[in-house]
Participant: 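First the structure, which I've put down as C-alpha cells, then a few questions once you've had a look.
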There are 2 protein chains.
Amino acid sequence: MAQPDRTRDAERTRAEIIQVATREFADKGYAGARVDEIAAKMSTTKRMIYYYFGNKEQLYVEVLEHAYAGIRAIEQELDVEHLDPADAMRQLAELTFDHHESHPDFIRLVSIENIHRAEHIGRSTVLSGLANPALDVLARILDRGREAGVFRSGVDPLDIHMVISAFCVFRIANRHTFKAIFKRDMLSPDHREDHRRLLGDLVLDYLTR
Amino acid sequence: MAQPDRTRDAERTRAEIIQVATREFADKGYAGARVDEIAAKMSTTKRMIYYYFGNKEQLYVEVLEHAYAGIRAIEQELDVEHLDPADAMRQLAELTFDHHESHPDFIRLVSIENIHRAEHIGRSTVLSGLANPALDVLARILDRGREAGVFRSGVDPLDIHMVISAFCVFRIANRHTFKAIFKRDMLSPDHREDHRRLLGDLVLDYLTR
DNA sequence: TAATTAACGTACCAGATAGTTAGTTACGTT
DNA sequence: AACGTAACTAACTATCTGGTACGTTAATTA
C-alpha cells in the first residue's frame, strides 16, 4: 500500500495509523490484531508505527485514548437544562442509546479492554479516572427531579448511569451471542424503537415510583 | 507437569484439558491463549490436546459448549411456580444476578465470543439455537402476573430477559473499565445488596406501572 | 497369553510475528 | 545553497506458536 513520493506530514501519518489501528484492534482484539496487517492497510510502512508509537501496546493505548476522547466530545454537547426532569432523563438515556449504536467499534474496544482487566487504561494517565461529563448532567437532573417532587430521593447518579450503560452496551456488545441463541437481532429496526422506549420507561418508572 | 506412570483414563484426561483450557481462554481470550501454556498447566502433554480436540479452535468450541452446559443445568432447577408473580420475578432476577457473579469465567467467555461475532457458537450444532430454560419460566411468570392484573400487558419475555441479562452481565463484564474511570468497584460488598435490590425494583416498577 | 488398539510421550518443524538495523529523502532554517 | 533534522523506507531477524512425525506403553480382547 505504501506510496513513494508522498509529502511528509507527521500529523497525518500519526492520524492514519491510529485510524487503521482502531479498526484492526476493534475487529480482532489486542492479541488477535497484527501489526503487519495494520501496516498493510496504511499508506505508510510498519516502521512508522514503531517510529511514532514505540510498540504494539503503546499503539493500542493511544487508540483507546483517541476513542474515549471522541465520546467525551459528544457528551460535552449535552444540554437538557431547559427540559423538565423526566424529559431530560429520557433524552439523556436516548442519547446514550443512539451514541452506542452508532459507535460499535468503541464498544468493542471497551469489551476488549475489560478482557484485559483495564490494565492499559490503568497505565494511561490520560484515561485513568477520566470523569464522564454526562455524569454531572445526570446528577443535576436527579436533583431537579427530586426538588420538584417527581423523582424518588436517595438515588445515586452513578447507579442510574450504570443501568443506562448496561442496557445500551449490552445491546451492542452481546448482540452476536444473543442472536445465535435467541434468534433475535437486537439491532434490527423492528426492535430499535421498542428498546429505546423500554429503556426510558425502565428508568423513569423506577425514578418516579 | 506431565507425570509418567499414571493410569490411563480418556474421560479424565479430556475433562482436565477442558478445565485448564477454560481458565486459559477466559483469562487471555482466544488469540491470547497459548496451547503450550494450557499444556504446561495440565498433568498430560500438548499432544493430548491435538489427540482429543484436533486443533486450538475445536478445543475452544468445546470449552464454550461445556460452559453453556453448566449454566443450563443451574437454570433447570429454577422453581418459582409457588410464588406470586412479583416475588417470582424478583427471585428470577436475583438468581441471574447471583449466578453471573459466581461465574465470571463464563461471562468472560461470552464477551470473548462476542468479539469473535459468535462465529464459534454458530459453528457448534450443540450451542446454536440452544434455548434458555429460564426464558420459559419468565414467560410463565409474566402470564400469571398479567392474568392477576398486577403486571402490564404486551410485555415480551425476551425483552425482560434482555434487561436482566444486561444489568447482570454489565456488572461483571465491564467492572474493570468502570472501576478505572469511575473509581467504583461494582463487585464490592458495599454495593452488592443495593444493586441486587435495584435490579428487582427496576424490573418490577416497570412491570407493575 | 498373544494380538490389537486406545492412550500417551518426546522431539521437532515451518510459518508467523513483533520488533530492529541501517540507511535514504524531504524540508525548514540560516 | 548547504546543512541538520524529522520523516520515511526496505530488508532483516530472533523468537514464538500451532501443529506434527514417530515411537512407546497400558489395557482390552480373542
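Basis for what follows: all heavy atoms, side chains included, without hydrogens, waters or symmetry-related copies. Below, read A as the first sequence line, B as the second, and so on, with proteins coming before strands; counting in each chain starts at 1.
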Participant: Once the angle between the rings of B/H99 and B/H103 is folded into 0 to 90°, is it parallel (under 30°), tilted (30 to 60°) or perpendicular (over 60°)?
Facilitator: parallel
Participant: Any cation-pi pair here, A/R184 with A/F178, using under 6.0 Å and within 45°?
Facilitator: no
Participant: Between C1' on D/dC12 and CG on A/D36, what's the gap in Å once rounded to a whole number?
Facilitator: 12 Å
Participant: Does any N or O donor sit under 3.5 Å from an N or O acceptor when you compare the side chain of A/K46 with the base of C/dG19?
Facilitator: yes
Participant: What nucleic acid atoms does A/Y52 come within less than 4.0 Å of, heavy atoms only: base, sugar-phosphate, or nothing?
Facilitator: sugar-phosphate
Participant: Specify the separation, in whole Å, of atom OH of B/Y51 and atom C1' of D/dT25.
Facilitator: 12 Å
Participant: Kindly assign one of parallel, tilted or perpendicular to the pair B/H120 and B/Y60, based on the angle between their ring planes and the thresholds 30° and 60°.
Facilitator: perpendicular
Participant: Determine: side-chain N/O of A/T44 to OP1/OP2 of D/dT9, distance under 4.0 Å, yes or no.
Facilitator: yes
Participant: Between B/D185 and B/H191, do the side chains contain a donor N or O and an acceptor N or O under 3.5 Å apart?
Facilitator: no
Participant: Base, sugar-phosphate alone, or nothing: which one does B/A31 contact when heavy atoms must sit under 4.0 Å apart?
Facilitator: nothing
Participant: Looking at the side chain of A/M48, which of C/dC8, D/dC8, C/dA18 is the nearest nucleotide?
Facilitator: D/dC8
Participant: Atom CD of A/E37 and atom P of C/dG15: how far apart are they, to the nearest Å?
Facilitator: 19 Å
Participant: Where the side chain of A/T45 is concerned, which of C/dA18, D/dT17, D/dT9 is the nearest nucleotide?
Facilitator: D/dT9
Participant: Quickly work out the B/E11 CD to D/dA27 P distance and round it to whole Å.
Facilitator: 16 Å
Participant: Please confirm whether the shortest side-chain N or O distance from A/T13 to OP1 or OP2 of D/dC8 is below 4.0 Å.
Facilitator: yes
Participant: Send over the distance from A/E16 CD to D/dC8 P, rounded to a whole Å.
Facilitator: 10 Å
Participant: Starting at CG of B/N55 and ending at P of D/dT17, how long is that distance when rounded to a whole Å?
Facilitator: 18 Å
Participant: Pick base, sugar-phosphate or nothing for B/R47, based on heavy-atom distances below 4.0 Å to the nucleic acid.
Facilitator: base
Participant: Please report, rounded to the nearest Å, how far the P atom of C/dT20 is from the CD1 atom of A/I49.
Facilitator: 13 Å
Participant: Write down the distance between NZ (A/K56) and C1' (C/dA16), rounded to a whole number of angstrom.
Facilitator: 12 Å
Participant: Check residues 123-139 of chain A and write down every donor-acceptor pair under 3.5 Å in which the side-chain atom is one partner and the other belongs to a residue at least two apart or another chain.
Facilitator:
unit_1	atom_1	unit_2	atom_2	d
A/R123	NH1	A/E57	OE2	2.0
A/S124	OG	A/E65	OE2	2.6
A/S124	OG	A/V126	N	3.3
A/S124	OG	A/L127	N	3.1
A/N132	OD1	A/A134	N	2.9

